[in-house]
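Per chain, numbering begins at 1; letters A, B, ... match sequence-line order. Source: prediction; values computed, not measured.
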Number of protein chains: 2
Amino acid sequence: MTAGSDHNHQAKQAVILSVDAMGGDQGPAAVIAGCNKSASKNPEIRFILHGPREELEPLVNRRKHLRERCEIRDAQGVVTMEDKPSHVVRHGKGTSMWSALDAVRNGEATVAVSCGNTGALMALSMIRLRKLPGVNRPAIAILWPSRNPQGFNVMLDVGADIRADEQDLLQYALMGTSYARNGMNLPRPRVGLLNVGTEEHKGRSELKEAYELISAQAGPAEFDFVGFVEGGDIPGDICDVIVTDGFTGNVAIKTGEGTASLIGDLLKEAFRYSPMSRIAALLALTSLRRLQKRIDPRTVNGGVFLGLNGTVVKSHGSADATGVSAAVKLAFQLAHSGFTDKLASRLAAATAPATPDPEAGGPDQREAGK
Amino acid sequence: MTAGSDHNHQAKQAVILSVDAMGGDQGPAAVIAGCNKSASKNPEIRFILHGPREELEPLVNRRKHLRERCEIRDAQGVVTMEDKPSHVVRHGKGTSMWSALDAVRNGEATVAVSCGNTGALMALSMIRLRKLPGVNRPAIAILWPSRNPQGFNVMLDVGADIRADEQDLLQYALMGTSYARNGMNLPRPRVGLLNVGTEEHKGRSELKEAYELISAQAGPAEFDFVGFVEGGDIPGDICDVIVTDGFTGNVAIKTGEGTASLIGDLLKEAFRYSPMSRIAALLALTSLRRLQKRIDPRTVNGGVFLGLNGTVVKSHGSADATGVSAAVKLAFQLAHSGFTDKLASRLAAATAPATPDPEAGGPDQREAGK
């Protein structure tokens, strides 16, 4: 890990990202095109690119923005979408994914980016980067189109783990607010805890307990807790961060994505229906493109793995240059803001009293509190 | 309950629906307008309408299709949206909701329709109609716009109970297929069990057990089991019935609804953006209306309570005449097909061997199997 001592100074220096060039559906050319796109817009970005040198070198050399700002680290192995996470953990040494994570592990970069196999990336991140002290379950956070001014809400966990107890949900709240603060520039994020809309919340006792824990941390951790929210609030504007377990979160986002995609297809169908509607589609092209851009998953490409010693941005496997560039932009912002270190100290502060006060029996509380 | 002995004969007779005229946001006028709409299209429908006679009588008398085919049953009390279910269970006697359910309890109708408070309606349905033998948790099933030829998939449970064990999930599969068969005319529904898209299904052991139970029942209960499905398959075309617990189901549909509503609003905004796009909107009006109709919740209005001695169709609280008419149409189809009785025998058959075979030790298995 790089020292987080002087971010103001650091901000003027280069920000180094560790990028796994392999494993995406569109191959290394799309990844390198995406990196080039980001590099051309942002003079501070530097890359360590991982993959077979003989494949990457010609692709990089064709890109003038990349050539000087990119180090290629040879890794001959590739993790495929079919590889089982357990297999990758045992035999993945020498792959570009392993190498990309190790550059973060060694402190050469604070954020890694990969388009590869999510399960393998999570499993490998866990063993190479290890969990932050006090974190039981790392989480995957995504951005979801919303009615909020920032255009997106943070939701976590969306599938790192299918279970979460009240302590995990509290940590998700802390990780999600830190992410919203550093990745989306929201100084005081509003957090909601996902539940169902019935009056009686019988069962699911962990939600009631998490409610109390998150309430208690809202003050010290400088966020607002809006309490229980429903599925309809994920794209809504009453909170910025939605906290849930990975099973519910995963089902919710996939239902939302599937429904959005169905509507998109029906819309296209509607515009093809008659000569009149075809003319209409032409006239509305600019407006429709703007709408598509707003809800295009490529422009918010990147699930972020939180709770590890280092941050990993998981880009969609099918990401093209635009998608990769969006993931790289997010990774840059997180690296630039010193997110990894800030998150670590935020989580450390939450497990200990904010201002240790020996007279108040702080250390004892600390023992008892966990 | 009416005898389900001769459905062919019954089909040519009147089908009586028990309708709670009160409790919706738009008042009894919208409910009666909806009933009238259905009555004008369908000569077989008869209604028992529940509510204050002095309010309902003038509204009914204005409607020529209703006057002759509608019995008003005076009930002065009204369950409001704010009433707690527990309060309604204790003090709800004399309300139109209670009266509507009692007409089903007494066998005057097999299906009840209400726009009222969902929690109260479920609680009251449980105590007035009681659970079917062998059913542990009744479920709420909804229709969700999908890529399937029938245009919709069935999903359950979407919030009757926040928990479901493997036996409950099996019953949901049986209830869902019976509903798809009788409510949507699908002779052999395909069932999917909702899960997350990771390879390792560690934890959530009830899902693995439900998988085995549902597999085993697919043959005797005449449905196809497609195995685990993901959130994206809820609006998809690989299955017709999606089985899940009420917590996950509730979050999923609300996320989907919220996302669809956000896209709709962004689309409207896009069409207002420039003079050109406003002209486009005018030209595309017919196509857009057709799209809206396809995904309009009003046209598939009605969650259905399954697993009770009688069927209850819950219409949206905000339903207008079109919405109420859609719920009435669904209630008619379910009543007409003898759904309540068919579901009861389907569930009874699943808990006993399909063809009792004394030599195979059937009765013993039956004891052990539950």
Side-chain angles (χ1 to χ4, degrees), chain A residues 84-86 119 144-147 159 162-163 194 196-204 230-236 244 246-248 250-267 269-271 273-274 276-277 279-284 286-288 290-291 294-295, chain B residues 84-86 118-119 145-147 159 161-163 194 196-204 230-236 244 246-248 250-263 265-267 269-271 273-274 276-277 279-284 286-288 290-291 294-295:
Chain A
K84 293 226 170 202
S86 53
W144 191 254
S146 82
R147 295 178 191 273
I162 55 168
R163 272 172 301 197
L194 195 60
V196 292
T198 57
E199 297 85 29
E200 313 115 294
H201 295 128
K202 47 189 175 189
R204 295 260 165 168
E230 295 188 57
D233 298 314
I234 297 173
T244 188
F247 186 91
T248 309
N250 187 277
V251 168
I253 60 156
K254 286 183 177 161
T255 306
E257 280 172 352
T259 304
S261 142
L262 173 64
I263 294 173
D265 288 353
L266 291 173
L267 194 61
E269 208 177 275
F271 276 120
Y273 187 78
S274 69
M276 194 87 109
S277 58
I279 294 169
L282 280 176
L283 289 177
T286 322
S287 298
L288 291 176
R290 200 168 32 241
L291 165 62
R294 174 81 196 275
I295 57 169
Chain B
K84 292 225 170 203
S86 54
T118 307
S146 81
R147 295 178 191 273
D161 201 306
I162 55 168
R163 270 172 304 198
L194 195 60
V196 292
T198 57
E199 297 85 29
E200 311 116 295
H201 296 127
K202 47 189 175 187
R204 295 257 166 170
E230 296 188 58
D233 298 314
I234 297 173
T244 189
F247 186 92
T248 309
N250 187 279
V251 168
I253 61 157
K254 286 184 176 160
T255 306
E257 279 172 354
T259 303
S261 143
L262 172 64
I263 295 172
D265 288 352
L266 291 173
L267 194 61
E269 207 177 276
F271 276 120
Y273 188 76
S274 68
M276 194 87 108
S277 58
I279 296 170
L282 280 175
L283 289 176
T286 321
S287 298
L288 290 176
R290 200 168 33 239
L291 166 62
R294 173 81 195 275
I295 56 169

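Here the closest non-hydrogen pair linking B:Val251 and A:Ala252 is CG1-CB, 3.9 Å. Nearest heavy-atom pair across B:Ala260 and A:Ile263 is CB-CD1, 3.5 Å. The two atoms that bring A:Val196 and B:Gly246 nearest to each other are CG1-O, 4.2 Å, heavy atoms only. When every heavy atom of A:Pro235 is checked against every heavy atom of B:Thr255, the shortest pair comes out as CG-O, 4.3 Å. For A:Asn250 against B:Glu230, the heavy-atom pair with the smallest separation is OD1-OE1, 4.5 Å. For the residue pair A:Phe247 and B:Leu194, the shortest heavy atom distance occurs at CZ-O, 3.9 Å.
Among A:Thr259, A:Asp233, A:Ile234, the residue making the largest number of heavy-atom pairs under 4.5 Å with chain B is A:Thr259.
Contacts between B:Ser261 and chain A at a heavy-atom distance below 4.5 Å involve backbone atoms as well as side-chain atoms.
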